[in-house]
Structures are given as C-alpha cells and as structure tokens.
Amino acid sequence: MISQKMQEQVKSSSVIRAMFEEGKRLAGIYGAENVYDFSLGNPSVEPPEEVRKAIIEIANDKNSLGVHGYMNNSGYEDVRTAIANSINEKYSTAFTHNNIIMTVGAAGGLNVILKTLLNPQDEVITFAPFFGEYRSYVKNFEGELVVISPNTKDFQPNLEEFKGKITPKTKAVIVNSPNNPTGVVYSEDTIIKLSEILRDKQKEFGTDIYLVSDEPYRELAYNNVEVPYLTKYYANTIVGYSFSKSLSLPGERIGYLVISEQAADYENIISAANIANRILGFVNAPSLFQRVIAKCLDAKVNLEAYNQNRELLYNELVSYGYDCTKPEGAFYLFVKTPIENDAEFCKLANEKNILIVPGTAFGCPGYVRIAYCVAYKTIEKALPGFKALIEELKA
Ligand code: PLP
C-alpha cells in the first residue's frame with residue numbers, strides 16, 4: 001500500500017496522464033502528424049551547436065575520471081566561477097563561486113531551497129496562475145502554499161491581495177518571470193512594489209521572508225524586453241535558474257541556485273542547501289553537463305523560431321475573437337476560454353485533435369495554456385480547428 005501522501009499525488013497527476021493517453025489515442029487513429037499537441041513545455045528548437053561541440057570536446061578529454069566523478073555537492077568550483085562571472089557581466093552583480101550551487105534543473109533547485117528554508121506549516125506564497133508543481137514541492141517539506149488570486153487584467157501579480165496574505169508564518173514567496181503559463185514578464189515597477197511590501201512586512205513581523213525567483217525562461221524574452229534581476233531589488237532573494245529551456249536541455253537536468261550574500265543567514269543557507277542537495281538524493285548536479293554548460297554560457301537557442309510561433313498564434317487567435325494577453329517571454333499563450341468551463345473547452349479542443357491544458361491546473365480557471373514550443377507547421381495546421389471552435393461556441 002502506497003503512502004497517503006502519494007495516493008493524493010497520484011490522484012492529482014491523473015489529469016496530465018489522461019491528456020498524455022488521449023494524445024496517444026488520437027495519434028493512433030489520425031496519425032501523429034494530425035494531432036496538435038500544445039500540452040507540454042518541451043523545447044522545439046535544437047540546442048545551440050556549441051552544446052554538441054562542448055560534449056564532443058569533453059568526451060575526447062583523456063581525463064574521463066575527472067569528467068564523470070563525484071565532486072563537492074555544490075558542483076565544480078570552476079564551473080560555478082564561470083557562472084558567477086557571466087551573471088556579473090550581464091547584471092553588474094558581484095557574485096563568486098560561493099554564491100552558486102549547481103542543481104538538478106530548476107525543479108531540483110526549488111526542492112533544495114524549500115528543504116533548506118521550511119519548517120512544517122511555514123507558508124509559501126505564490127501568484128496565480130503558477131507552475132502547478134509548486135504545490136507538490138511545498139508539500140514535500142510540509143509547508144503550506146498560499147495562492148494569490150490572478151489579476152486577469154494584465155497578469156502582473158495582484159499586490160493588494162498579496163499584502164493582506166503575508167503573515168508571521170510566511171517564509172518564502174515564489175515568483176516566476178517570464179511566467180509559465182502566461183508568458184508575462186513582471187515589470188520593474190511590479191518588482192519594486194513587491195520588494196517594498198516584503199521589506200515592510202519583515203519589519204512589521206520581525207521575520208525574514210525569502211523571495212525565490214524561479215527563472216527557467218529568463219533567456220526566452222522577446223524584443224529585448226527587460227527581465228529585472230531580483231537580487232538587485234531585494235536582499236533576501238534566491239534565484240533558481242535552469243538550462244532546460246535556455247539551451248533546450250530539459251532531459252539533462254542542469255541548473256543552479258544563486259544565494260546572495262545580502263540574504264539573511266547567508267552562510268547557513270549555503271551550507272544547508274549544499275547538504276540538501278546531497279540528502280535529497282541528487283548528491284550533485286550531473287557532472288558532464290556542468291562541464292558542458294560552462295562552455296556554453298553565451299550560447300543561445302534560436303529565439304526567432306519561438307517568436308514566429310508567438311506572432312502567428314497570437315495574431316490569428318485574436319483575429320478569431322479569442323481574448324489573451326500577448327506574451328513577452330517563455331513559449332506559452334494563456335487564453336480566456338469562450339465558455340466558462342476550461343476543462344470542457346479542452347475536451348472540445350480534443351475533438352479537433354488539439355491538446356491544451358486547462359487553466360485550473362495553474363490556479364486560474366476559465367483559461368487554457370497553449371504551449372507553442374512546436375513546429376510552425378503544427379500551429380498552421382491547428383489554426384482552422386481553433387477558428388472552428390470559437391465559431392461553434394459563439395453560434
Ligand atoms: N519552473 C517552471 C516555471 C517551469 O515551467 C519548469 C518546467 O517547465 C520548471 C520550473 C522545472 O524546470 P527544470 O526542467 O529545469 O526542472
């Protein structure tokens with residue numbers, strides 16, 4: 001008999017599994033090329049050429065024990081130095097290898113930092129719509145996820161409600177920009193106001209509240225829109241970065257945490273996170289890919305391919321009468337459903353061989369997420385289905 005906690009997890013995972021099964025069923029009937037799967041955030045553009053070159057170069061290195069061995073739980077020091085230098089150059093910060101812990105993707109990093117920070121019943125605030133896995137990550141350490149309701153006007157965080165929901169038990173706030181599922185980039189104005197609120201509440205309660213910035217989409221920002229670097233606005237900031245989307249390497253599980261020296265209890269956080277990496281069973285981030293990304297810190301995926309998808313999908317859907325905010329980053333479009341029930345809308349979309357995810361999964365019913373990290377042709381072929389859907393519902 002599996003644990004009660006896992007019974008709950010299995011039940012709540014069934015929506016995604018059901019969608020996966022539905023995709024397979026449809027592909028069996030109509031052929032995979034006639035099923036338009038917009039359900040997953042799996043990158044559709046190739047990793048940059050630098051990645052392949054780096055893998056080959058490292059594989060040809062005669063000292064392969066040094067490539068594949070254990071190292072410090074925080075990762076290779078030279079790799080962490082290269083990352084710190086690269087961040088400093090881009091954002092005028094002053095990090096060293098001491099501020100960087102290599103992680104098993106953003107997911108690993110979030111689990112490490114939540115294990116480091118949370119006591120049972122501590123509260124972690126996040127803003128809907130949000131990446132649904134936060135629920136599980138917070139529950140892993142017996143924390144309580146407090147969700148701020150969505151501001152559907154422009155999907156910037158609802159700061160009024162936020163202010164009222166911070167309590168002496170608030171230990172952390174998770175923000176994600178560019179955002180999954182909306183593609184919205186939190187503006188500098190938002191970040192300044194959010195930081196002020198946090199500072200005021202820390203003073204009021206005499207507590208430390210950590211701002212965890214989950215940033216797998218930092219590099220996927222269109223038309224040079226600025227994505228503020230949060231350590232510069234708020235001292236108790238911890239950044240969780242990932243190469244899953246920025247270099248199209250989600251299966252390789254590689255990312256890092258940045259723990260600023262300005263953060264309260266910095267030294268203890270670093271040692272605890274180091275140990276958390278070990279005792280959560282990660283031990284250390286994948287060795288080969290630490291070495292690979294250190295050689296690819298300036299490499300970029302073909303953002304223009306995602307941008308073309310974004311323009312096509314957004315412009316066409318709006319012209320059919322759909323209501324959505326134009327995403328400035330990531331590779332998702334969050335669309336208001338023409339009927340109230342988002343799950344029902346997804347079912348109707350399935351009948352047109354279109355797979356999308358209900359907003360309810362992200363804490364925002366009445367919307368759907370369309371992941372446009374697919375071939376341009378897939379969008380072109382799916383558009384008549386999207387058009388027919390809204391026409392049928394409005395008829
Ligand atoms: N955070 C957000 C907002 C995501 O969308 C994802 C993956 O889609 C993750 C974290 C996990 O990323 P990783 O593959 O780096 O663990």
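Order of listing sets the numbers, starting from 1, for every ligand and every atom in it.
Aromatic pair F362/Y367: ring centres not closer than 6.0 Å.
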Carefully, step by step, assess Y76 and S287 under the rule side chain to side chain donor-acceptor pair (under 3.5 Å).
CA-CA 8 Å; Y76 287 116; S287 167; 3.0 Å; yes
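If you look at ligand 1, the protein residues with a non-hydrogen atom under 4.0 Å away are G105, A106, A107, F131, Y134, N176, N180, D214, P216, Y217, S242, S244, K245, R253.
Here the options are Y134, Y137, Y241, the test is side-chain contact (heavy atoms from CB on, under 4.5 Å), and the partner is D214; only Y134 passes.
Residues S248 and V45 share a closest heavy-atom pair of OG-O, 2.8 Å.
Remark: E144 pairs with Q121, E123 by the side-chain contact (heavy atoms from CB on, under 4.5 Å) rule, at least two apart or across chains.
At a threshold of 4.0 Å, the pair K387-E391 counts as salt-bridged, since one of the basic side-chain nitrogens sits closer than that to a carboxylate oxygen.
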